[in-house]
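The next block holds one structure in the form of structure tokens; read it before the comments.
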Amino acid sequence: MQPVSEKTGINDTDVTTWALPEEAIARLGRGIAGPLEFSPDGKYLAVGTWIGLWWYELATMEPVALWETERGMLSALKFSSDGALLATGNRDGQIKIWDVQNHRCLAKMQRMGRFDRVSELVFSPDGQCLAASGGRYDAVYIWHLETGEQVAKFPVDEELQPRYRPPAIPLAFSPDGSILIGGTPENTFSVWDIETGERRAHLTGHSALVFYLFFSPCGEFLTSVDRDGGLHKWEVDKLTTKDPRPIIISMPETTKSVDYTYSAEGVLLAATVSGTTLTVWDVERSRKMATLTYKEIIRRFHLSRTGSQLVIGGPDTIQTWNIGDPAPQSTATWDHYWVCGSVKFSPDGQTLAAGYWSGGIHLRDVQELKLQTTLRCEGLSTIRSIDFSPCGNKLAATSYDKIVRVWDIGKPDAPPIELTGHQAVLYAVAFSPKGNLLVSADANGVLGIWDVERDYERQMFTEETDWIWSIAFSPDGKHLISAHDKEKALLWDIENGEQIAELSLNRPRDATKYKGNDRQIQRILRHVEKGSVDKRTPKAIAFSPDGDLIAGDVLGQIRLWDTTTYEICMVICLPFGCGRAEALTFSPCGRYLVSGASWLAGTGTDKVSIRLWEVATGENIATFWSHPTDIQSLAFSPDGTLLVSGSYDGTMLLWDMKPYFSSH
């Protein structure tokens, strides 16, 4: 298999340019890693991510191809036994069959009924059919691969309702391909006859949801495992008898983090994880075969089909381990980051910072896009907001552990200053334009105001209000706007912490203030005439560089407020399919506003939009179809030539804005 990029072709080794959306110039990060599969020939590792399917050469752990980027959001992978075919399933319920050798999609199928992710895929033993289950217990489907036709559908009894949505609904074909076993609600599994469609057995006995189903290589036994580690072994020829009883095997360790396979010698193996420790067991002998202490908490792992290897993943890493070796292979990939929660350029434009939900803050050189350093510390997790000080020598971040942290950029290895006192998780942080104050906002609606010039002495905390999503300083640093969860966006005098105004949420009656689709506008105006009150509040909020406007998103709309009256002066109606404008930012010149959308199910779009708006007219002058899921953050470089978007998919995209600004 040669390196193949869907956009740049053969032998392109710069993975930051592989399969980019139109108009993007680079991608940083390779997407949140999901399902992992070893190729049957032992040469490759397939990694399903939120941006597509990455192929890694196992010997080097170097990426050699990126497929299935049209939509991405992969949730299931499965190779056929001979390795000639690969099935992929995504969070929209779409399934594709790939010819591995020729890099070609052979067939597409769609789970019918509810909009639902694919949770499990399994090929029939003869390789002619594929079975799929979803994230809900609605039905199991089987398709014929050559024709793409649905050959069977096994519905789950409506009266069997799960208590919660499982991460996966297991499936297994019998070795002769005549029956399909599938997990069902209330800690059970069912046996279906593929030819007749009859459910031949419904087996009970587990005390938790069944997560794994697999046959022994000899075909005489079926093993079922539940989420609490309970393992039952059944004789296959007795499954459909009147009162089948399992041979119960107690697991040597009870854990919810476990994976199973049979070794080449037919030994049932289990890999269990607890924190940083991974253990491989001979299940039937209750014997430890190997133990590995990893360098970080293990977030994902998967056994190879023969049980000779494991793939292991930490917050950002993926490595392989030959079971029994004292350590993992030295080669690793480091670029599958968790959600990118916040992005910022340094004031001098030389550094790009990104805060991730895995707890790391990456600092990159803008010219080379190389990772310079990663800021980490104990307790730091789920970073929602970061900000540089105006002089660029400090970086502040918020975390779910209720602590505001501030790093000295010149001393990245030194522990950060920790600011405590908040009683709820933190969402937003911002330095004042003069750099003398730092403001933090939490889920109780409290603003913390810290005096930077006096060693971050806490100046004050405001009273509790409602959950604060975002904050923004006015350019002169005198005022701060806060977007709250319920019915308000408040303006504060930052020097004394007093609330001085509240943004009007009353939609204008003047039709000329609305921009967008005429039908949308007329529908809004009819609601206004009827006296309906819109109490939805903005989630993202921003001041214009001249301080004359405040922009905020309200579901399906971008509203602009005049900062002298705090009344709405323009409403931009977003096109159908945009969802919320989860992120907003003005260009440094103030002439443009950029919005980043969230993904909305059922719209038929594969990517979410980033839209460039002319502030004076409300005109949408450019649209970039960007990430496969929500935009979390947007930032311009100080000179306005670059835009960066950070997404829930775990990546950042860089966009060249010069062509758009120079032509308008």
Side-chain angles (χ1 to χ4, degrees), residues 31-37 46-53 67-80 85-98 105-124 129-145 147-158 160-162 164-173 180 182-185 190 192 194 197 209 211 213 576-577 579 597-608 625 627-630 647-649:
I32 295 174
L36 308 167
E37 285 288 326
V47 180
T49 75
W50 288 35
I51 68 165
L53 174 66
W67 296 2
E68 182 51 344
T69 59
E70 182 181 6
R71 175 72 182 109
M73 303 302 292
L74 294 178
S75 56
L77 300 177
K78 187 66 70 175
F79 280 98
S80 59
L85 301 177
L86 174 67
T88 62
N90 70 16
R91 290 175 178 265
D92 301 346
Q94 187 178 78
I95 296 164
K96 293 183 179 180
I97 307 298
W98 299 84
C105 179
L106 301 177
K108 297 180 183 180
M109 292 85 83
Q110 181 76 37
R111 280 179 45 78
M112 304 300 292
R114 300 176 186 176
F115 175 82
D116 193 15
R117 66 181 171 86
V118 178
S119 69
E120 187 80 3
L121 296 166
V122 58
F123 283 93
S124 61
C129 293
L130 180 79
S133 60
R136 298 183 180 95
Y137 288 107
D138 53 355
V140 173
Y141 296 85
I142 300 178
W143 290 275
H144 192 280
L145 298 184
T147 64
E149 294 181 1
Q150 179 183 307
V151 297
K153 176 183 176 182
F154 304 128
V156 175
D157 291 346
E158 292 183 3
L160 292 175
Q161 294 298 325
Y164 59 89
R165 182 170 174 164
I169 298 170
L171 299 173
F173 276 102
L180 180 73
T184 42
S190 293
W192 286 287
I194 294 174
L209 281 177
F211 270 21
L213 291 165
F576 174 75
S598 59
W599 191 73
L600 196 61
T603 60
T605 56
D606 292 321
K607 308 293 183 185
V608 300
W625 295 101
H627 301 266
T629 189
D630 306 355
S647 172
Y648 199 83
D649 66 16

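When atom types are taken as modelled, the side chain of Ser647 and the backbone of His627 share no donor-acceptor pair closer than 3.5 angstrom. Distance alone, capped at 3.5 Å, is enough to place a donor-acceptor pair between the Gln110 side chain and the Asp92 backbone. Between the side chain of Ser80 and the backbone N or O of Leu85, at least one donor-acceptor pair lies under 3.5 Å.
Smallest separation of non-hydrogen atoms from Ser75 and Val118: OG-O, 2.5 Å. The shortest heavy-atom contact between Trp143 and Ile95 is CZ3-CD1, 3.5 Å. Shown here for Gly134 and Ser119, the closest heavy-atom pair between the two residues is O-OG, 2.7 Å. Between Ala152 and Phe154 the shortest heavy-atom distance is CB-CZ, 3.9 Å. Annotation for Ala107 and Leu145: closest pair CB-O, 4.3 Å, computed over non-hydrogen atoms. Here the closest non-hydrogen pair linking Leu130 and Met109 is CD2-CE, 4.0 Å.
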Set out, in order, the CA-CA distance, both residues' side-chain angles and the distance that settles side-chain contact (heavy atoms from CB on, under 4.5 Å) for Leu36 and Val47, then state yes or no. CA-CA 5 Å; Leu36 308 167; Val47 180; 3.7 Å; yes
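A 4.5 Å side-chain heavy-atom check between Glu70 and Lys96 finds at least one atom pair inside the cut-off. Within the 4.5 Å cutoff, the side chain of Ile142 has no heavy atoms near those of the Trp192 side chain. Proximity of Met73 to Gln94: side-chain heavy atoms (C-beta onward) are nowhere separated by under 4.5 Å. For the pair Leu53 and Leu74, the minimum side-chain heavy-atom distance is below 4.5 Å. At a threshold of 4.5 Å between non-hydrogen side-chain atoms, the residues Thr88 and Leu77 count as touching. Using a 4.5 Å heavy-atom threshold, the side chains of Trp625 and Asp606 count as separate.
Going from atom CG of Leu209 over to atom CD1 of Ile169 covers 9.0 Å, rounded to the nearest 0.5 Å. Here the NZ atom belonging to Lys78 is positioned 5.5 Å from the CD atom belonging to Glu120, to the nearest 0.5 angstrom. Atom CD of Glu68 sits about 6.5 Å away from atom CG of Asn90, to the nearest 0.5 Å.
Lys607 meets the salt bridge (charged side-chain N to carboxylate O under 4.0 Å, His left out) test with no other residue; sequence neighbours excluded. Applying the ring pair (Phe, Tyr, Trp, His ring centres under 6.0 Å) rule to Phe123 yields no partners; only residues at least two apart in sequence or on another chain are considered.
For the pair Arg117 and Trp50, the cation does not sit on the ring face, since its NZ or CZ is not both under 6.0 Å from the ring centre and inside 45° of the axis.
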